[in-house]
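Hydrogens, waters and symmetry mates are skipped; everything else that's a heavy atom, side chains included, is used. These numbers come from a predicted model, not from an experiment.
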Amino acid sequence: MNNRKLKVGVVGLTVGASHVKDYANSDTVKEIVLCDVDELRLKEIGDKYNISKKYTDFNKMLKEENLDAISLAVPNFLHMRLSIRAMEAGVHVLCEKPMARNAAEGRQMLEAAQKHNKKLMINFNQRFQHECQTLKSVIDESKLGDIYYVRTQWQRRRGVPWWYPLASGKEQCGGGAIIDLGVHVLDRAMWFCGHPDPEWVLANTFCKVSKDEAARRGIQNFELEDMGVAMFRMTNGLMLELEASWASNRENEVITTRIYGSKGGAVLQTVVGDSKSTGNKVFLEIDGEVHDIPLEHIRISKMPNIRQAFLDAIVNDEEVPCTPQQGLKITQMLDMVYLSAENNTPVKFE
């Protein structure tokens with residue numbers, strides 16, 4: 001076992017607070033350095049974890065600290081710029097999702113990782129949830145057979161992130177509910193299915209519920225989608241349906257992925273805010289009958305959290321589990337969704 005200890009930076013301490021917590025609890029980390037433009041937030045997190053090295057200037061931190069790795073938990077428009085700067089400085093990068101605002105930016109990040117021989121991992125944290133790991137183990141054992149249809153969704157009743165820079169949301173974030181929430185459930189669905197190549201998509205986006213609320217909050221020209229839907233056809237014939245909403249007229253907020261295979265099926269379903277209302281099951285045909293098997297009845301080895309998996313890949317010089325190639329494919333698919341919606345037509349994958 002490699003006992004190398006790493007010096008790790010965390011940039012962006014709102015979303016990045018969970019990164020700091022994981023690094024503080026890791027035996028692989030010898031020192032943590034913090035960076036945020038908010039000095040009060042810097043002090044709060046620094047005091048909580050007894051971290052003395054704190055910066056408000058990203059470039060100064062890179063220059064003065066000999067970092068091994070860095071977590072970037074910053075707004076989407078900074079992902080490409082800061083990732084490339086860090087890798088140019090010889091630092092491995094864990095970048096929050098989505099990889100970038102668009103595929104052109106994501107491709108530059110991948111090229112920089114290859115050029116500078118640095119690890120670039122995308123923070124697709126849902127893959128590391130226990131129920132997702134358990135279902136993936138079932139799929140990898142071929143118990144579901146040939147997967148031919150997947151429906152994956154994250155639907156909120158009311159949950160627009162009003163703290164986002166929504167007045168310039170397309171420029172700052174790249175989009176709305178699809179790139180914010182849809183990226184999570186799209187990635188986990190693609191991961192379950194082995195990352196098939198998309199052939200075409202038919203999609204649409206809507207802003208039907210949130211415009212009036214945005215106006216009341218003084219946000220003019222609110223153009224981000226509060227809901228988006230897409231149907232992908234993959235080159236292997238698999239169909240994948242994606243739904244995501246910040247706001248929709250429904251009973252509750254749900255995160256669901258349903259899988260149909262030739263030998264069995266599966267569902268992951270969480271009603272947000274109701275810990276008792278979960279429905280994580282596989283449906284397996286045994287002796288001609290379909291049996292419902294709760295995922296909690298299937299035992300697997302405990303997996304590291306996503307930040308530890310990133311650190312392990314560095315110290316063991318292994319491929320990161322959430323690769324930039326996978327992140328780029330997801331970003332390309334999101335681009336296809338927006339293009340199809342804009343053009344009111346199916347879009348082929350190039």
Side-chain angles (χ1 to χ4, degrees), residues 18 97-98 122-157 159 177-196 227-232 234 238-246 248 250-286 290-306 309 321-322 326-327 329-330 333-334:
S18 60
K97 64 80 203 171
I122 313 305
N123 197 70
F124 289 129
N125 60 307
Q126 289 204 5
R127 297 192 199 180
F128 289 79
Q129 295 172 346
H130 184 73
E131 61 270 23
C132 289
Q133 290 282 337
T134 303
L135 178 53
K136 188 65 164 66
S137 72
V138 172
I139 293 171
D140 288 347
E141 293 173 1
S142 300
K143 291 184 177 178
L144 300 191
D146 179 24
I147 295 174
Y148 55 89
Y149 177 65
V150 178
R151 185 183 184 202
T152 194
Q153 61 178 158
W154 189 335
Q155 295 276 28
R156 286 179 179 168
R157 179 168 173 158
I178 283 288
I179 200 170
D180 178 43
L181 302 182
V183 65
H184 275 297
V185 289
L186 176 60
D187 173 73
R188 79 182 194 181
M190 288 288 286
W191 178 60
F192 289 144
C193 298
H195 303 281
M227 182 174 179
V229 296
M231 176 65 83
F232 292 92
M234 304 302 177
L238 182 147
M239 299 297 291
L240 190 157
E241 185 177 359
L242 170 68
E243 299 179 16
S245 70
W246 277 341
S248 53
R250 54 172 297 112
E251 66 277 17
N252 47 31
E253 179 178 353
V254 296
I255 306 171
T256 304
T257 299
R258 186 174 290 275
I259 299 174
Y260 295 85
S262 58
K263 295 181 180 178
V267 61
L268 299 180
Q269 179 166 293
T270 300
V271 178
V272 177
D274 185 355
S275 60
K276 296 180 180 179
S277 183
T278 58
N280 303 322
K281 298 178 181 180
V282 291
F283 312 105
L284 302 180
E285 185 174 335
I286 303 173
V290 177
H291 295 257
D292 295 13
I293 303 173
L295 277 180
E296 63 191 42
H297 292 178
I298 301 172
R299 303 300 178 189
I300 63 169
S301 300
K302 184 175 176 58
M303 302 296 293
N305 64 54
I306 188 167
C322 304
Q326 294 165 358
K329 181 179 286 187
I330 294 297
M333 293 173 72
L334 297 177

Specify the closest pair of heavy atoms between Pro304 and Phe128, including all atoms of both residues, with the distance to one decimal. O-CD2, 3.3 Å

Any idea which heavy atoms bring Leu181 and Ser245 closest together, and the distance? CD1-O, 3.4 Å

For the residue pair Tyr149 and Arg258, establish whether any side-chain heavy-atom pair is separated by less than 4.5 Å. no

Step by step, would you call Leu295 with Ile298 a side-chain contact (heavy atoms from CB on, under 4.5 Å)? CA-CA 5 Å; Leu295 277 180; Ile298 301 172; 4.0 Å; yes

Counting only heavy atoms from other residues, nucleotides and ligands, does the tally under 6.0 Å from NZ of Lys281 exceed 12? no

Sub-3.5 Å donor-acceptor pair from the side chain of Lys97 to the main-chain atoms of Val183, do we have one? no

Contact between Met190 and Gln326 at the side-chain level, heavy atoms closer than 4.5 Å - yes or no? no

Nearest heavy-atom pair of Gly182 and Leu242: which atoms, and what distance? O-CD1, 3.8 Å

Interatomic distance, CD1@Ile255 vs CG@Leu268, rounded to 0.5 Å, equals 10.5 Å

Roughly how far apart are Ile147 CD1 and Ile139 CD1, rounded to 0.5 Å? 4.5 Å

Before you tell me yes or no, could you show the steps for Val185 and Gln126 under side-chain contact (heavy atoms from CB on, under 4.5 Å), namely the whole-Å CA-CA distance, both residues' side-chain angles and the distance that decides it to 0.1 Å? CA-CA 8 Å; Val185 289; Gln126 289 204 5; 4.2 Å; yes

In the structure I gave you, are the side-chain heavy atoms of Val282 and Lys143 within less than 4.5 Å of one another anywhere? no

Give a yes or no on whether the backbone of Pro294 and the side-chain of Asn280 come within a donor-acceptor separation of less than 3.5 Å. no

Are Arg157 and Glu253 close enough for a salt bridge, meaning some N to O gap below 4.0 Å? no

Just verifying a value: how many Å separate Ile330 CD1 and Trp191 CH2, rounded to the nearest 0.5 Å? 12.5 Å

Listed by chain and number, what are the ring pair (Phe, Tyr, Trp, His ring centres under 6.0 Å) partners of Tyr148, not counting sequence neighbours? none

Contact check, side chains of Leu186 and Leu240, non-hydrogen atoms, under 4.5 Å: yes

The single option from Arg127, Arg188, Met303 that satisfies side-chain contact (heavy atoms from CB on, under 4.5 Å) with Cys132 is Arg188

Does some side-chain heavy atom of His291 sit less than 4.5 Å from a side-chain heavy atom of Leu284? no

Reported CD-to-CD distance for the pair Gln155 and Glu251, which is rounded to 0.5 angstrom: 10.0 Å

Any non-hydrogen side-chain atom of Arg151 less than 4.5 Å from a side-chain atom of Glu243? yes

Roughly how far, to the nearest 0.5 Å, is CE of Met333 from CD1 of Ile178? 11.0 Å

The reported gap from CG in Asp187 to SG in Cys322 (rounded to nearest 0.5 angstrom) is 6.5 Å

Chi angles and distances behind the side-chain contact (heavy atoms from CB on, under 4.5 Å) call for Thr257, Phe192: CA-CA 10 Å; Thr257 299; Phe192 289 144; 4.3 Å; yes

Flag side-chain contact, heavy atom, 4.5 Å: Glu296 against His130: no

Closest contact, heavy atoms only, Ile122 versus Gly327: CG1-CA, 4.1 Å

Could you tell me which residues satisfy ring pair (Phe, Tyr, Trp, His ring centres under 6.0 Å) with Phe283, sequence neighbours excluded, listed by chain and number? none

For Arg156, is there any backbone N or O sitting under 3.5 Å from a side-chain donor or acceptor partner on Ser248? yes

Give the C-alpha distance, both sets of side-chain angles, the deciding distance and a yes or no for side-chain contact (heavy atoms from CB on, under 4.5 Å) between Leu135 and Glu131. CA-CA 6 Å; Leu135 178 53; Glu131 61 270 23; over 6 Å; no

Minimum heavy-atom separation for Ile300 to Ser137, with atom names? CG2-OG, 3.4 Å

For the residue pair Phe232 and Met234, what are the closest heavy atoms and their distance? CB-CE, 3.9 Å

